[in-house]
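Below you'll find the structure, written out as structure tokens, and then a few comments.
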Amino acid sequence: MAKSNKTAITPTRDQDYAEWYQQVIRGAEMAESSPVRGCMVIRPWGYALWENVQKAMDKRFKETGHENAYFPLLIPLRFIEKEAAHVEGFAKEMAVVTHHRLEMQDGKLTPAGPLEEPMVIRPTSETIIGEAFSGWIRSYRDLPLKINQWANVMRWEMRPRLWLRTSEFLWQEGHTAHADENEAREEVLTMLEVYREIVEEHMAIPVIPGAKSEGERFPGAVDTFTIEAMMQDGKALQSGTSHYLGQNFSTAANIRFQNEEGDWEFCHTTSWGSSTRLIGGLIMTHADDDGLRLPPRIAPDHVVIVPIIREDSQHDTVMAYAEDVAAKLRAQSFDDAPVKVRVDTRKIQSQEKRWDWVRKGVPIILEVGPRDIEEGKAAFSRRDQIREKKQFLTIAEIAGEIEELLWGIQSTLFEEAKAWRAARTREDITDLKAFEDHFNALKGNTFNADGGFVKAWWCESSESEASLKELGVSVRCIPLDQPEGEGKCVLTGAPAHRMAIFAKSY
RNA sequence: CGGGGCGUGGCGCAGCCUGGUAGCGCAUCUGCUUUGGGAGCAGAGGGUCGCAGGUUCGAAUCCUGCCGCCCCGACCA
């Protein structure tokens, strides 16, 4: 068997980035599109990733004092109408339920029994949770109220993409109510930091935490904060948001409390969300031309053992050896839990197994065959160095180093992504001409090094933000981490107090 | 919703211009030989050619309408 330069995914990123993205998803069996426009079927491998993200987040939500609850999928139309900006922001993307029955007419099932009041399928739950909060909160002693819900939501998208933008998606939405603005604002930043931590430290996706500009705020929010990630094609991905809603929603839903003086006040509320979009971000951050690459902390399996069996007579001994190796590795721990090991017992060719796991992105693949048993060895390869030569290591060596190896892969993926982002972030663009030239040089759907972020001083005027539209660029965020001093706005030349990240985005 | 492209076995495609009853590669199944960097041979199964009309003796192929997918915009997490 000659060494092959064939990539496991066709086309490569360089040939057709958008098509590559879809083939990675197909190749790793993560998801597929469904008969329902814009909706996806999440397959076990993709769902396992989401579950691992969920697990990590849920733990942090609870550690930061939140409780899970569940609210209805259907929201009465009049709830949505309560908050003006919210109405405007979501009206165009809502699925509406208008009937409660089907009847056979001319051989076809036809909606019947019109609802007196139509319902919308939740695009987010501010309004219906607000309704509940207004009933739960009476006194300052009831505050803060900190609730999270894991749910599905629906937004009728014009242009869906698997994971990144589907009409129905899974997410968590946190909703909290506080007695005063400071406490609410602190909550908003605390949860933004939780997002940063999970996304960077578990998913190994580097992000920039920052404030959203006026034009990019959540409908109805006073302030929106975001973590922005850069995909391999240089586009930005909003990967989690946290909103200070002021008293907009509490006024609309009548969420009031009596303070210590006995006066009635409206609560200050927050909401924050992150979704299955993160899995799309994971793909576009770490996957390569051989498929997915998973950071060990969220990988469904850390190690897959592929038995190499030459003859039937060797089957039992090799399998016994494989199980023995698995047991030795499971006795080790990584990230405060036993190392997750799978022995691939499928009755297919060993090479096919190997490439299957390469495409699925498992961090470590071990091949064990008859030759290894005597020496107590295995052929070791790591996904982030999959084109390197396999090493033959003893099980003792592998077991002894497995924890360190997995952390090494975790940090390698993170460092590679940071380097990629750094190489595609321009900080030397200081005037409009250079700014326009930079973004005009980009040609549509290309995978190249020309895109990426421009970090520059910005005056924050809404006129200048609106002017970005024709370039196809937006203000991704105003980073929390700001340099000293002031500068001149890259767009207008006016004095600017803060720097912003500009980019094309998903 | 505008502009462009595309819908043919699970995946990737050819055939369409010039109508004659569907083919290739991979995958799947069976058998034998194989297996440590993407195995070989032999055989087999699987498609109402996106849907609905129309033209025609005959439609994957021509015409009309619709649906869906992808890319670029607009909109958005």
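Naming convention: chains lettered A, B, ... in sequence-line order (proteins, then strands); numbering from 1 in each chain.
Checking B:A74, B:C71, B:G37 against the side-chain heavy atoms of A:W355 singles out B:G37 as nearest. Of the candidates B:G73, B:C76, B:C70, the closest approach to any side-chain atom of A:Q22 belongs to B:C70. Between B:C75, B:G68, B:G37, one nucleotide has an atom nearer to the side chain of A:R354 than all others, and that is B:G37. In this structure, the nucleotide among B:C76, B:C70, B:G37 sitting nearest to the side chain of A:R387 is B:G37. Side-chain proximity of A:S350 to the nucleotides B:C71, B:G37, B:U35 is greatest for B:U35.
Regarding A:L366, its CG atom lies at a distance of 16 Å from the C1' atom of B:G37, rounded to whole Å. Atom CG of A:D372 and atom P of B:U35 are 15 Å apart (whole Å). Straight-line distance from the NZ atom of A:K92 to the P atom of B:A74: 13 Å, rounded to whole Å. In this entry the distance linking CD of A:E352 with C1' of B:U28 reads 11 Å, nearest Å. Distance A:R165 CZ to B:C70 P: 12 Å, rounded to the nearest Å. Atom C1' of nucleotide B:C69 and atom CD1 of A:I25 are separated by 14 Å, given to the nearest angstrom. The distance between atom CZ of A:R371 and atom C1' of B:G37, rounded to the nearest whole Å, is 13 Å. Atom pair A:I308:CD1 and B:U35:P shows a separation of 11 Å (rounding to whole Å applied).
No more than 12 heavy atoms of other residues, nucleotides or ligands sit less than 6.0 Å from atom CH2 of A:W156.
Pairing partner, B:C32: B:G40, with both Watson-Crick or wobble hydrogen-bond distances short of 3.5 Å. Base-pair partner of B:C1: B:G73 (Watson-Crick or G-U wobble, both distances under 3.5 Å).
In this view, A:E51 satisfies the salt bridge (charged side-chain N to carboxylate O under 4.0 Å, His left out) rule with no residue, not counting sequence neighbours. For A:K455, there are no salt bridge (charged side-chain N to carboxylate O under 4.0 Å, His left out) partners two or more places apart in sequence or in a different chain. The side chain to side chain donor-acceptor pair (under 3.5 Å) check on A:R371 picks up nothing, with sequence neighbours excluded. In this structure, the salt bridge (charged side-chain N to carboxylate O under 4.0 Å, His left out) partners of A:E460, at least two apart in sequence or on a different chain, are A:R498. A:W45 pairs by the ring-ring contact (aromatic ring centres under 6.0 Å, His included) definition with A:W357, not counting sequence neighbours. With sequence neighbours excluded, the residues that form a salt bridge (charged side-chain N to carboxylate O under 4.0 Å, His left out) with A:K418 are A:E415.
Here ring pair (Phe, Tyr, Trp, His ring centres under 6.0 Å) pairs that include residues 207-234 of chain A, with residues two or more places apart or in two chains, are A:H86-A:F218, A:F90-A:F218, A:F218-A:H243.
A:F90 comes within 4.0 angstrom of no nucleic acid atom, judged by non-hydrogen atoms across all strands. At the heavy-atom level, A:P370 lies under 4.0 Å from base atoms of the strands shown. Counting non-hydrogen atoms under 4.0 angstrom, A:L164 reaches a base of the nucleic acid. If you check every strand for non-hydrogen atoms under 4.0 Å, A:G27 touches nothing. Base contact: A:S275 has a heavy atom under 4.0 Å from a base atom. Among the heavy atoms of the strands, none lies under 4.0 Å from A:F218.
Contact annotation: A:R37 does not reach the phosphate of B:C67 (side-chain N/O to OP1 or OP2, under 4.0 Å). Within the structure, a side-chain polar atom (N or O) of A:Q349 is placed less than 4.0 Å from OP1 or OP2 of B:A39. Proximity of A:R155 to the phosphate of B:C75: no side-chain N or O atom is located under 4.0 Å from OP1 or OP2.
When each of A:I348 and A:I386 is assigned the nucleotide of RNA chain B with its nearest heavy atom, A:I348 is the one assigned upstream, toward the 5' end.
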N/O contacts under 3.5 Å, protein versus nucleotides 5-14 of chain B?
from	atom 1	to	atom 2	distance (Å)
B:G12	OP1	A:R26	NH2	3.4

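Between A:D290 and A:R387 a salt bridge is recorded (basic side-chain N to carboxylate O distance below 4.0 Å).
Contact check of residues 464-476 of chain A against RNA chain B (heavy atom, cut-off under 4.0 Å) returns A:K469.
The main-chain N or O of A:S462 is never found under 3.5 Å from a side-chain atom of A:E214 such that the two would form a donor-acceptor pair.
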